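Here is the structure we will look at.
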Amino acid sequence: MIFSAADHAAMARALQLAAQGLNTTSPNPRVGCVLVRDAVTVGEGWHQRAGEAHAEVRALRQAGERARGATAYVTLEPCSHFGRTPPCADALIAAGVARVVAAMEDPNPIVAGRGRARLRAAGIVTEHGLLADEARDLNIGFVSRMTRGRPWLRLKAATTLDGKTALHNGISQWITGPEARRDGHAWRARACAILTGIGTVKEDDPQLTVRDVPCLRQPSRILIDARLDVSPAARILQGEPIMIATACEDSARIAELSAAGHRLIVLPNESGKVDLPRLMTELGQLGLNEVHAEAGFKLNGSLLREGCVDELLLYLAPMLVGDAAHGLFNLAALTRLEDAARLDIRDLRQLGRDIRIVARFSGA
């Protein structure tokens, strides 16, 4: 399908609008809409929060009667079902738009092509596939949850050039500079939840909140603590209640933490650790699209070995700290390079004195 330069420009604008809901739409996808009539933009909108008006409805409200005969550029196929709000496909039909261009089909099985079918049945020209890769990346977590039943897990780590995350005595603040740390908080802000392990809580006592960038809502926090060793004074337990995934069935300890408002999930595996793949499925069922992991050497390795990591977010600082320092991942030694996990670098840029790498496992 061939799209014009004007089509590309309008969809690029719709993607810009969708990105304005980057930190707020969960569990819904990030969606933008632009209405164009006679080469003039007559309406724009983006989805801001679950339960509020969808992008198409906001754009239609702005356009009013000028929507009749217009082309609607939407970053995701218009919905065709009643959820918290009525179907957007019906709103577009009622407004009399002549053409709808969607970047991608909705991966939600209760929509998946039904929105386009409804529009076509009403005589509206429907097309899709324009800037589809960009739209998919914007909603990679939503796509993951709809197609795999689990969130997209992004593992963040700050490391030296010799691959170390902390000195042998555990000191790690600060390996990277303020620009990289601020960027890390921006990635936290877009996630539905931030995940860490008990080792990190014991060593660093993190708050695990977004602080360095504006954020209208704090992501949920998840602690993996197989034996429920977390101290009642730990900063992660302060503020809003958190989710704790454990392998421990100590009813008294579970009752104590539950009474404080925290959500306990008991998921033991055969080794007495937390069953991480089952946890990912549980998080998907809870409506989490993107999970941002900031953990230590051991949990990082476990998440990788058990196939839970989809993307690496690495910050490389221009320093060397020696072989005895803590490494990135607790992974088994290989005897053949052919067995090494391969990654595709998706983005590479300098932030202050540090380098940021975003990489995905080949085939992800």
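Just so it is clear, the values below take in all heavy atoms, side chains as well, and ignore hydrogens, waters and symmetry mates. We're numbering straight along the sequence, starting at 1. Bear in mind the structure is a predicted one, so any value in this text is a computation, not a measurement.
Using a 3.5 Å distance cut-off with no hydrogens or angles, the side chains of Asn28 and Thr25 do not pair a donor with an acceptor. Under 3.5 Å, the side chains of Asn289 and Arg145 contain a donor-acceptor pair of N or O atoms. For the residue pair Arg305/Ser302, the side-chain donor-acceptor check at 3.5 Å is satisfied.
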One pair to check against salt bridge (Lys or Arg N to Asp or Glu O under 4.0 Å): Arg349 and Asp347. What are the steps and the verdict? CA-CA 7 Å; Arg349 66 184 64 188; Asp347 187 76; 2.8 Å; yes
Apply side chain to side chain contact (heavy atoms under 4.5 Å, CB included) to residues Leu195 and Leu303 and explain how you reach the verdict. CA-CA 11 Å; Leu195 177 150; Leu303 289 166; 4.3 Å; yes
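Using a 4.0 Å cut-off between charged nitrogen and carboxylate oxygen, Asp310 and Arg154 do not count as a salt-bridge pair. Using a cutoff of 4.0 Å between basic side-chain nitrogens and carboxylate oxygens, Asp183 and Arg181 are not scored as salt-bridged. By the 4.0 Å N-to-carboxylate-O rule, Arg118 lies close enough to Asp90 to be salt-bridged with it. A salt bridge between Glu256 and Arg253 is present, with a side-chain N of the basic residue lying under 4.0 Å from a carboxylate O of the acidic one. A salt bridge links Arg99 to Asp7: at least one charged side-chain nitrogen sits closer than 4.0 Å to a carboxylate oxygen.
Every side chain to side chain contact (heavy atoms under 4.5 Å, CB included) that Leu316 has, sequence neighbours left out, goes to Thr159, Leu161, Leu314, Ile355, Ile357. Take Arg263 and apply the salt bridge (Lys or Arg N to Asp or Glu O under 4.0 Å) test, not counting sequence neighbours, and it matches no residue. Among residues two or more places apart in sequence or in another chain, the ring pair (Phe, Tyr, Trp, His ring centres under 6.0 Å) test is passed with His292 by none. Applying the salt bridge (Lys or Arg N to Asp or Glu O under 4.0 Å) rule to Arg188 yields the partners Glu294; only residues at least two apart in sequence or on another chain are considered. Legend: residues meeting salt bridge (Lys or Arg N to Asp or Glu O under 4.0 Å) with Arg211, ordered by chain and number and at least two apart, are absent. Scanning for side chain to side chain contact (heavy atoms under 4.5 Å, CB included) contacts around His128 gives Ala102, Arg116, with sequence neighbours left out.
Without hydrogens or angle criteria, Thr75 side chain to Gly32 main chain gives a donor-acceptor distance under 3.5 Å.
No more than 12 heavy-atom neighbours from other residues, nucleotides or ligands sit within 6.0 angstrom of CZ on Arg136. No more than 12 heavy-atom neighbours from other residues, nucleotides or ligands sit within 6.0 angstrom of CZ on Arg353. Heavy-atom neighbours of Gln238 CD from other residues, nucleotides or ligands within 6.0 Å: above the threshold of 12.
In this structure, CD on Glu282 lies 5.0 Å from CD1 on Ile265, to the nearest 0.5 angstrom. Atom CG of Asn139 is separated from atom OG of Ser144 by 11.5 Å, given to the nearest 0.5 angstrom. To the nearest 0.5 Å, the span separating SG on Cys79 from CG on Asp106 amounts to 8.0 Å. Note that CH2 of Trp46 is 4.0 Å distant from CD of Gln20, once rounded to the nearest 0.5 Å. Atom CG of Asn108 and atom OG1 of Thr147 lie 11.0 Å apart (nearest 0.5 Å).
Minimum interatomic distance between Ala12 and Leu131 (heavy atoms only, all atoms of both residues): N-CD1, 3.7 Å.
Tested against Cys33 for a side chain to side chain contact (heavy atoms under 4.5 Å, CB included), the candidates Gln62, Arg58, Glu56 yield a single pass: Glu56.
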